[in-house]
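The shown structure was predicted, so the numbers you read here are calculated from the model rather than taken from an experiment. First listed ligand is number 1; within each ligand, the first listed atom is number 1.
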Amino acid sequence: MGAFKTLDDLGDVTGKVALVRVDLNLPMDGGQVTDKTRIHASAPTILELAGKGAKVLLLAHFGRPGGERSSTQSLSMVIDAVQEVLGKEVMFVPEVAGPVVAQAVGILRPGDIAVLENTRFWKGEEANDPAFAKAIAANGDFFVNDAFSAAHRAHATTEGLTHYLPSYAGRSMQAELEALGKALGDPERPVAAVVGGAKVSSKLAVLKHLVSKVDHLIIGGGMANTFLAARGVDVGKSLCEHDLTDTAEEIMGAADQAGCTVHLPYDVVVAKEFAANPPSLRTCNVHEVAADEMILDVGPQAVEALADVLKTCRTLVWNGPLGAFETEPFDAATVALAKTAAALTKEGSLVSVAGGGDTVAALNHAGAAQDFTYISTAGGAFLEWMEGRELPGVAALER
Ligand code: ADP
Ligand code: MG
């Protein structure tokens, strides 16, 4: 990872206009914001800039209006929630560029905050149109990007603005980049990766990238079945992508070459039907799965062995649950390994970073999330980072 500027590099910003890209793509129900996590994530950046006397203009997208105004996707709907989290009055400006924004800037006093309209009401946002970015930049003195979750898109307010204004990472962006850098950039070794979830096909690029980066690749979830099948195991009725067994073999070959140990479960939890605590539930060796059974979780012996692997490691990245954790007792392996990782992190022997929608839910369910070093809530951007891809919004800050 290259170097990027942070708010520590700002000089005196009193009366200067900060254009701040944040994530206000909030879950809503009946016009009400149902989860304010994303506002909380950027509150430190917003309040720090306001505290330093900047006029803070917030830029964000909401939903997919496709380049047209849409009354049901206006950011005016999030103003109450933003005010509540920030504990300050916030102005709404129904434009992102031009004289209306200039007028608002004239009214705002140093330390005041405004939310500009949904950037995706204009086609120039997703097209990363330089003229659009330039028009937004015209009302600002500097740009702060605090939305890692949007950094995998090269849009006008994630990438374009950096061409026209001095640009800085906000505190949330900075924390995310520092945590990810510690996990895969220049990690302390040995490094373990846990990759689970439903399908190999959704995480091929992740697996291929990780074998060259980590010392231990722990494969769980439905995707482990495809790897087991590639090794000649009969996985019965399990979720399995039989057409990808060659690919699984290639990945194991590449791991071998790179000196990465691939860990597959040798005992598993199976059932004949997918339901909570089904009567057919049992634990067996992977070679004993019957034709009418499905593998729904990693077995307890394998979990113990995996815990021993983590004890030898200094760094862990985790994406994807080890089993069908939404249904009991198929959460057991995920919960147990998450608790081990959390305890090792708390002791100071492990740096642990996790991300992915279901992964975050699973780690919360395990009560382990708060003890991880860093939990990324940035879905798509986190996965692209795990694939080793350059994120345009991040690369732009590093230029
Ligand atoms: P994330 O959102 O964290 O990237 P995924 O979406 O890739 O994770 O995978 C999560 C899903 O994988 C969960 O819904 C879970 O039930 C499912 N899953 C895990 N193990 C199995 C399994 N053995 N069989 C079927 N589904 C599984
Ligand atoms: Mg998911």
**Q** Just by modelled atom types, is the Glu328 backbone N or O under 3.5 Å from a matching donor or acceptor in the Asp331 side chain?
**A** no
**Q** What are the two closest heavy atoms between Val298 and Val303, and how far apart are they?
**A** CG1-CG2, 4.0 Å
**Q** Which protein N, O or S atoms lie under 2.8 Å from the Mg ion (ligand 2), given by chain and residue number?
**A** Asp358 OD2
**Q** Give every donor-acceptor pair under 3.5 Å between a side-chain atom in residues 259-272 and any protein atom, sequence neighbours left out.
**A**
unit_1 : atom_1 : unit_2 : atom_2 : d
His263 : NE2    : His216 : ND1    : 2.9
Asp267 : OD1    : Ala302 : N      : 2.8
Asp267 : OD2    : Gln301 : N      : 2.9

**Q** Return the OG to CG distance between Ser352 and Leu316, rounded to the nearest 0.5 Å.
**A** 6.0 Å
**Q** Apply the side chain to side chain donor-acceptor pair (under 3.5 Å) test between His61 and each candidate in Arg153, Arg21, Glu125; give the one that qualifies.
**A** Arg21
**Q** Judged by atom type as modelled, is there a donor-acceptor pair below 3.5 Å linking the side chain of Ser238 to the main-chain atoms of Asn225?
**A** no
**Q** Below 4.0 Å from any atom of ligand 1, which residues have a heavy atom? Give them in chain and number order, please.
**A** Gly197, Ala198, Lys203, Gly221, Gly222, Leu239, Ile295, Leu296, Asn319, Pro321, Gly323, Ala324, Glu326, Gly356, Gly357, Asp358, Thr359
**Q** Does His242 offer a backbone N or O that forms a donor-acceptor pair with the side chain of Thr245 under 3.5 Å?
**A** yes
**Q** Looking only at atom types and distance, does a side-chain atom of Thr34 sit under 3.5 Å from a main-chain N or O of Pro27, one as donor and one as acceptor?
**A** yes
**Q** Do any pairs count as a side chain to side chain donor-acceptor pair (under 3.5 Å) and have a residue in residues 94-116, sequence neighbours left out, and if so which ones?
**A** Arg69-Glu95, Arg109-Asp112
